[in-house]
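Along the sequence shown, residues carry numbers from 1. Just follow the structure's listing: the first ligand is 1, and inside any ligand the first atom is 1. Predicted, not measured: the structure shown is a model, and the values here were computed from it.
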Amino acid sequence: MDGPGCTAVIGLQWGDEGKGKLVDLLSHEHDVVVRYNGGANAGHTVVVGGERFALHLVPSGILAGGVKTVIGNGVVVDPARLLEEIGALASRGVDVDGRLWVSDRAHVVLDYHKSEDGLREELLRTGLAGERVGVGTSQEIGTTLRGIGPCYADKVTRATGVRMGDLLRPDVLRRKVELACRLKRALFEGLASSAHVDWDRFDADEVVRVALERGERLRGMITDTVYLLHESLGSGARVLFEGANATLLDVDHGTYPFVTSSNSSVLGIGPGTGVPGHRVGRVVGVLKAYSTRVGGGPMPTELEDATGERIRERGREYGTTTGRPRRVGWLDLVALRYACMINGVTELAVMLLDVLAGFETLRVCTGYRVGGRVTDRFVPDAADLGRVEPVYEDLPGFGEEITSVTTREGLPEGAASYLEKIEGFLGVPVRVVSVGPDRSQTIRVSSDGGAS
Ligand code: GDP
Ligand code: IMO
Ligand code: MG
């Protein structure tokens, strides 16, 4: 059974495109929603009837009654955060019992991974001897400090990688944690940047004790999700794959090294779930109507002026996970066309279009100038991307607020032509236009172009 009923929702930029809202919306048309990559670095906001939910590890599908949710093997799970999130959902009437499953093969983020994340960032900021490096020469990635990189590093290093199933196997857990603590102490003790480290986090007895206790609380959810997913598919379930982070943060295809540590494009679905990617027939590429980025790394269309500030304030562009102000820029169609190619996007969802109301002119980047020549090819390597100059096309803006518009035909001319430009350049139809954070503030466009 190939999956015409299987859908992927994937961010096409540097994250925070509004994937959570879209997954919530599409969940009602699916039976299972699966996370396949990343961890609590993700922050997905869903607003239902004015009530705001921020999800980090639990798939956004949890808010759609009747839908099963799965945290696949490609995710790195911080049990403390997962338990916290489950508790917070329960206190607001969202019961996850019998609706949330966690792969026994998903790797576990332990407290030492978070310390290590901070240590590495400090090291990149200050250099080996703790000296302040020159302005602009810092290599800091600007991670979310959720332990993501160190946890994935242990996964591929192998002997020290702890998996969710190990939380239920004390002997295996102890062996791995003891080795990890010994190795990590040897690596980090003596570094200037380790002066403020809480070494208790590298104490194997304590790490094991806490991990076993958390594992016990999650025992009923930990299972072989590969079989669970294939059995669901076999009985005709429609599965939605919820991408976290986004294409330009993909460790292989993003703006390396300013990326996250997993395959956060659609290409991560196979390894991250055990379901072959070809089963996904529908790939919804999610973009916001402009660009944002959190943390370090190049963003060719970045606006460090009053226009950028105005977009940031209108879009409330502050991180869901870390609260950091997001960097803001004009829409980059060159980067988006690359992202559509990588993901095999079959339809687009354009989010936060309402934020652009009130601008007389809207700029879109249609090429990069590199060494005197203009190219329409994206250059994912960060060092190269940092040297390109955006080539812009100016489009007419729209004055009116659009937060109550319910059909594509009801959009003002400037908004309509902006969408047409996106469709034309990317060669992919727009099927969803979002004009506000609430579930209800959504325009759906059927394949014949009308509202559905
Ligand atoms: P995600 O990580 O891709 O799920 O996106 P985030 O939730 O981190 O960031 C998107 C933000 O935009 C959230 O605060 C959403 O509530 C909000 N949002 C989503 N769609 C719209 C929209 O169409 N208009 C406005 N103004 N906000 C939106
Ligand atoms: P959602 O799912 C925005 C960024 C971080 C940092 C880099 C590496 O909400 O779209 P990490 O902690 O993963 O090692 O950080 O990746 N980053 C995100 N930025 N949205 C996200 O997720 C992100 N996940 C990671 O800011 O620059
Ligand atoms: Mg987010």
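- In terms of protein heavy atoms, atom 12 (O) of ligand 2 is closest to Thr144 OG1, 2.5 Å.
- Note on Asp111 versus Lys114: salt bridge recorded, some NZ/NE/NH1/NH2 to OD/OE distance being below 4.0 Å.
- Side-chain polar atoms of Arg146 and Thr144 form no donor-acceptor pair below 3.5 angstrom.
- Here's the thing with Leu352: one of its N/O atoms is less than 3.5 angstrom from an N/O atom of ligand 1.
- The single protein non-hydrogen atom nearest to atom 17 (C) of ligand 1 is Pro437 CB, 4.2 Å, given as residue, atom name and distance.
- A heavy-atom distance below 4.5 Å is not found between the side chains of Ile443 and Leu353.
- Looking only at atom types and distance, the side chain of Thr255 has a donor-acceptor partner in the side chain of Arg293 under 3.5 Å away.
- Counting only residues at least two apart or on different chains, the side-chain hydrogen bond (donor to acceptor under 3.5 Å, both in side chains) pairs with a member in residues 339-357 are Thr247-Asn343, Arg282-Glu347.
- Each of His30, Arg238, Glu29 was scored for a side chain to side chain donor-acceptor pair (under 3.5 Å) with Thr7, with one residue passing: His30.
- Among protein heavy atoms, atom 26 (N) of ligand 1 sits closest to Asp354 OD2, 2.8 Å.
- Side chains of Asp332 and Ser291: no donor on one and acceptor on the other come within 3.5 Å.
- A cation-pi arrangement, defined by a distance under 6.0 Å to the six-membered ring centre and an angle within 45 degrees of its axis, is absent between Arg314 and Phe359.
- Those atoms of ligand 2 with a heavy atom of Gly142 less than 4.0 angstrom away are 5 (C), 6 (C), 26 (O), 27 (O).
- Between Leu426 and Arg337 there is a side-chain heavy-atom pair separated by less than 4.5 Å.
- Here the shortest heavy-atom distance to atom 2 (O) of ligand 2, taken over Asn245, Asn37, Leu248, belongs to Asn245.
- Using a 4.5 Å heavy-atom threshold, the side chains of Leu82 and Ile71 count as touching.
- Ligand 2 lies less than 4.0 angstrom from a heavy atom belonging to Lys19.
- Every N/O-N/O distance between Val259 and ligand 2 stays at or above 3.5 Å.
- Atom CZ of Arg377 is surrounded by 12 or fewer heavy atoms from other residues, nucleotides or ligands within 6.0 Å.
- In terms of protein heavy atoms, atom 11 (C) of ligand 1 is closest to Arg326 NH1, 4.4 Å.
- Distances between N or O atoms of His44 and those of ligand 2 include at least one value under 3.5 Å.
- A donor-acceptor pair is defined here as one N or O able to donate and one able to accept, closer than 3.5 Å; no such pair exists between the side chain of His107 and the backbone of Arg163.
- The nearest protein atom to atom 10 (C) of ligand 1, hydrogens excluded, is given as Asp16 O, 3.7 Å; this is a heavy-atom distance.
- Closest heavy-atom approach to atom 16 (O) of ligand 2 among the candidates Leu249, Ile141, Thr292, Asp16: Leu249.
- In this structure, atom 15 (C) of ligand 1 lies nearest to the protein heavy atom Thr45 CB, 4.0 Å.
- The distance criterion of under 3.5 Å between nitrogen or oxygen atoms is not met by Asp117 with respect to ligand 2.
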Solution key, residues 265-273 side-chain donor-acceptor pairs under 3.5 Å, sequence neighbours excluded:
{"from": "Ser265", "atom 1": "OG", "to": "Asp250", "atom 2": "OD2", "distance (Å)": "2.9"}
{"from": "Ser265", "atom 1": "OG", "to": "Leu267", "atom 2": "N", "distance (Å)": "3.2"}
{"from": "Thr273", "atom 1": "OG1", "to": "Ile269", "atom 2": "O", "distance (Å)": "2.7"}
{"from": "Thr273", "atom 1": "OG1", "to": "Val275", "atom 2": "N", "distance (Å)": "3.0"}

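- Residue pairs meeting the salt bridge (Lys or Arg N to Asp or Glu O under 4.0 Å) criterion with at least one member in residues 40-64, sequence neighbours excluded: Glu51-Arg92.
- With hydrogens and angles ignored, the 3.5 Å screen pairs no side-chain donor or acceptor of Glu317 with any backbone N or O of Arg327.
- Between Thr260 and ligand 2, a contact under 3.5 Å exists for at least one N or O pair.
- At distances below 3.5 Å, at least one donor-acceptor pair connects side-chain atoms of Ser264 with backbone N or O atoms of Ala246.
- Only backbone heavy atoms of Val435 (N, CA, C or O) come within less than 4.0 Å of ligand 1; its side chain stays farther off.
- Atoms of ligand 2 found under 4.0 Å from any heavy atom of Gly295 (numbered from 1 in listed order, with element): 27 (O).
- Counting protein heavy atoms only, atom 2 (O) of ligand 1 is closest to Gly43 O, 2.8 Å.
- Every atom of ligand 1 is numbered from 1 in the order shown, and the set under 4.0 Å from a heavy atom of Lys21 is 20 (N).
- Test Thr160, Asp154, Asp166 against Lys176 for side chain to side chain donor-acceptor pair (under 3.5 Å) and you get one pass: Asp166.
- In this structure, Glu242 contributes its side chain and Val9 its backbone to no donor-acceptor pair below 3.5 Å.
- In terms of N/O distances under 3.5 Å, ligand 1 is approached by Lys19.
- The distance criterion of under 3.5 Å between nitrogen or oxygen atoms is met by Gly43 with respect to ligand 2.
- Ranking protein heavy atoms by distance to atom 15 (O) of ligand 2, first place goes to Thr143 CA, 3.4 Å.
- Residue contact check for ligand 2: Arg324 places a non-hydrogen atom closer than 4.0 Å to it.
- Residue contact check: Glu17 has heavy atoms under 4.0 Å from atoms 3 (O), 5 (O) of ligand 1.
- Take the Mg ion (ligand 3) and draw a sphere of radius 2.8 Å; the protein N/O/S atoms inside it number 2.
- The atoms of ligand 2 that sit less than 4.0 Å from any heavy atom of Ala244 are 2 (O).
- Closest to atom 27 (O) of ligand 2 among all protein heavy atoms lies Val294 O, 2.9 Å.
- Near Trp14, meaning under 4.0 Å from any of its heavy atoms, are these atoms of ligand 2: 3 (C), 19 (N).
- One option in Gly18, Ser434, Gly20 has a heavy atom closer to atom 20 (N) of ligand 1 than any other, and that option is Ser434.
- By the 3.5 Å distance cut-off applied to N or O atoms, Gly436 is counted among the residues near ligand 1.
- Within the 3.5 Å criterion, the main-chain N or O of Ser262 finds no donor-acceptor partner in the side chain of Thr260.
- Using modelled atom types and a 3.5 Å distance limit, the side chains of Tyr318 and Glu313 yield a donor-acceptor pair.
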